[in-house]
*Asks:* 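Structure provided below as structure tokens; questions to follow.
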Amino acid sequence: MTMIDREAIERLGDNMAAQEVAGRSPWADARRRFLRNKAAVAGLIVLMLVLAFGLFGQHLAAWNNEDLDFNVMGMVAEKGQPSIESGHYFGTDELGRDLFARTVQGTRVSLLVGIVGAAIAVVVGTLYGAISGFAGGRTDQIMMRAVDILMSIPYMFVLILLLVMFGRSMWLLFLGIGLISWLDMARIVRGQTLTLKNREYIEAARATGVPGWRIILRHIVPNLLGVVAVYATLLIPLMILTESFMSFLGLGVQEPLTSWGALISEGAKTMNYGTLWQLAFPLFFFVITLFAFFFVGDGLRDALDPKDR
Amino acid sequence: MTDPLTNGTSAPLLDVRDLRVTFDIRRDGDMPWTPSRHLRAVNGVDFTIHPGETLGIVGESGCGKSTLARALIGLVPATGRAIWQDGTDLLSLNPRQMLRYRSDIQMVFQDPLASLNPRMTVGQIIAEPLTTHRKGLSRDEVKLRVKQMMDRVGLLPNQINRYPHEFSGGQCQRIGIARALIVEPKLIICDEPVSALDVSIQAQVINLLDDLQRDLGLALIFIAHDLSVVKHISDRVMVLYLGKIMELETADEVYANPQHPYTQALLSAVPVPDPARERAKRIIPLEGDLPSPLAPPSGCVFRTRCPRAQALCAEKVPVLTGGHGEHAHRFACHFPGPLTAAEIEARRGVAA
């Protein structure tokens, strides 16, 4: 029997005590719970694929999205159907343009609209709501009444007027969507801030004299992010829907640019001429993306707020 | 009347005079022009605290203990005066001026876990007062001091990157104490620091506070509703009822020789860990609940529940009297003195 080397054990103990133990943050916990949720992970994978399709799809396309296929022109119903050998994987649209390339382009625009709109909502809405809730009193009253007033304006009507008056442009659409998207977020965040504001750790920070902006950024916003993340994932499809609706009305993005809404609108017009693929392909991407976002949002909610169920 | 301070041995760290906290209450559905009602949570409290001293504050729920603490630290607006050692009135300062004094007065909170931000690591939490008040420190220096402080309060310094939810209640309270101590304060206000902990852990935390106080010469304001805890740690004890001081005296005296009927009733309700004595003990029953602080009783606020209340108690507000000086036994009662067995029995008959 060999004696246990006392010195070595002590050294081991000292080493272990000297090494800093990594903490398991609430975010890591949430990630683990999210990854256990199969529907949410499936949704996330679908989103990744759609994103990859939007980013790299043009390299797979045999045709440019602006070129007309003169062989097909005028005989779209007979010759424009989806086929591998002609290079039109998704068929062609009414003018003979390759629908695959068009769908790639539409995916990009739609996702961009969704993400930019949601990003404006997250940044502006979170800060506005957190400041309003934390400041309280008269500041809160004024800031929230401003939100109420903006909310009472029928934004769809205003957006349509804007697009009609200043002409259709993607930037105006971004602006219009961004302007309205943060209102709900600001309200939700303000409500959450009010509940957080009286927590003891906020009081501890105030008692120590931590400045207000730092309390908002270091204590309130990180504790809000769960709600914000969930709401943002539900907001992106809402933004995409809004844009699609505008495009469906013919007020959205302008040719040669396109979006899912515009493609669906065109496809719906030609439904009766036997060119159903013009509707089916854009609609397929639209639907799976919305579903995926909703599943991811649900998964995030469950992962970040395990007590909520 | 001579100033109680002049008889004191040293200058007080904090001299509080006529501290009042009033909340304006508006009911739902009140019209904007309806005058709001005043809730006097703390209603004229005077006391002093000296360096290195522990002042215990006891009283029922809703008697204004926590509000008093929050007023001293500037979390709720208060009137009156709170003169710091250097002669500054803390209650008259604006937030910017107050910042200088915030590192001298720190607070330990009731719920250990709730007082720590769940999204920050222990290191960040403890360092926050330091980074707020000592802006010149380098990152390494801050980390070093945090580790030293963790060691001091009995936490392993290698746990610096862990999150609050990975610690037990007692450990969380140690983190809270470390956060309060890191800026080397002169006064720590402990708002029921152990009432959320198990009894065995309570003893550890209280002994830790005791040790730290002895080593660092801290003054403590220790708020609790557990009288045995307060007895153990306090030099002097202040008994609050409806925002007013009922009795203020040294801890030994308050337990051996309580004068105010309310103090006697509180003390009689302390459980004794001995079944035979517990059964033989005579509890002085207090009828009903604490009266609403929105409409406190006239005269002595305790008279509605006092076994000894008489007509005079409803007419005249008793002032805090009974000797001067730092360690004087002071109480606010027209008819002080131990309750007789007959008085207690009569009260029991009413309560039953």
Side-chain angles (χ1 to χ4, degrees), chain A residues 12-33 130 134-138 141 192-193 195-229 304-307, chain B residues 66 69-70 72-76 95-125 128-133 143 147 151 156-167 175-176 179-180 182-183 185 189 191 196:
Chain A
L12 180 70
D14 288 346
N15 274 340
M16 280 173 74
Q19 256 161 29
E20 284 173 14
V21 183
R24 199 162 43 88
S25 76
W27 296 116
D29 279 353
R31 190 165 57 234
R32 217 163 30 83
R33 279 193 294 269
F134 183 72
R138 197 154 292 162
Q141 291 284 325
Q192 284 287 312
T193 307
T195 66
L196 286 178
K197 196 171 121 181
N198 293 322
R199 297 277 172 90
E200 283 191 332
Y201 58 83
I202 307 282
E203 272 201 338
R206 282 174 55 209
T208 300
V210 180
W213 59 268
R214 222 167 117 192
I215 293 181
I216 291 177
L217 290 183
R218 294 238 309 177
H219 294 275
I220 292 179
V221 169
N223 285 290
L224 285 172
L225 279 186
V227 182
V228 170
L304 292 166
D305 242 340
K307 276 177 258 163
Chain B
S66 295
R70 280 168 170 69
L72 288 178
I73 211 158
L75 287 178
V76 294
R96 193 174 290 273
Q97 294 166 320
M98 183 68 190
L99 191 62
R100 253 188 63 212
Y101 294 93
R102 286 197 188 275
S103 65
D104 286 335
I105 308 175
Q106 287 285 316
M107 189 152 170
V108 176
F109 290 84
Q110 177 173 9
D111 186 339
L113 193 56
S115 67
L116 307 175
N117 184 343
R119 308 262 175 213
M120 281 162 76
T121 65
V122 171
Q124 290 170 327
I125 291 169
E128 183 154 63
L130 204 58
T131 48
T132 306
H133 290 286
K143 196 170 171 182
K147 284 187 159 188
D151 195 35
L156 283 172
N158 68 348
Q159 312 274 310
I160 189 165
N161 288 329
R162 288 195 170 241
Y163 288 83
H165 69 104
E166 297 174 277
F167 290 89
I175 297 168
R179 170 175 61 187
I182 192 106
V183 280
I189 299 172
D191 184 7

*Asks:* What do you reckon, is CZ of A/Arg31 surrounded by more than 12 foreign heavy atoms closer than 6.0 Å?
*Replies:* no
*Asks:* What are the two closest heavy atoms between B/Arg70 and A/Glu203, and how far apart are they?
*Replies:* NH2-OE1, 2.7 Å
*Asks:* Output the distance between atom CG (B/Asp111) and atom OH (A/Tyr201), rounded to the nearest 0.5 Å.
*Replies:* 12.0 Å
*Asks:* Side chains of A/Arg218 and B/Asn117: closer than 4.5 Å at any heavy-atom pair?
*Replies:* no
*Asks:* Are the side chain of B/Arg119 and the backbone N or O of A/His219 linked by a donor-acceptor pair below 3.5 Å?
*Replies:* no
*Asks:* For B/Thr131, which atoms come within 4.5 Å of any heavy atom of chain A: side chain, backbone, both, or neither?
*Replies:* both
*Asks:* With a 4.5 angstrom heavy-atom cut-off, could you sort out which part of B/Met98 is near chain A: side chain, backbone, both or neither?
*Replies:* neither
*Asks:* Should we say atom CZ of A/Arg214 is surrounded by more than 12 heavy atoms from elsewhere, each under 6.0 Å from it?
*Replies:* yes
*Asks:* What part of B/Leu75 lies closer than 4.5 angstrom to a heavy atom of chain A: side chain, backbone, both or neither?
*Replies:* both
*Asks:* State the NE2-OG distance between B/His165 and A/Ser25, to the nearest 0.5 angstrom.
*Replies:* 7.0 Å
*Asks:* Would you compute the distance between atom CE of B/Met107 and atom CD of A/Glu200 and round it to the nearest 0.5 angstrom?
*Replies:* 8.0 Å
*Asks:* Are any non-hydrogen side-chain atoms of B/Glu128 and A/Thr208 less than 4.5 angstrom apart?
*Replies:* no
*Asks:* Picking from B/Asn161, B/Leu156, B/Val183, B/Ile73, which has the most non-hydrogen pairs under 4.5 angstrom with chain A?
*Replies:* B/Asn161
*Asks:* B/Pro185, B/Pro118, B/Pro157: which one forms the most heavy-atom pairs within less than 4.5 Å of chain A?
*Replies:* B/Pro118
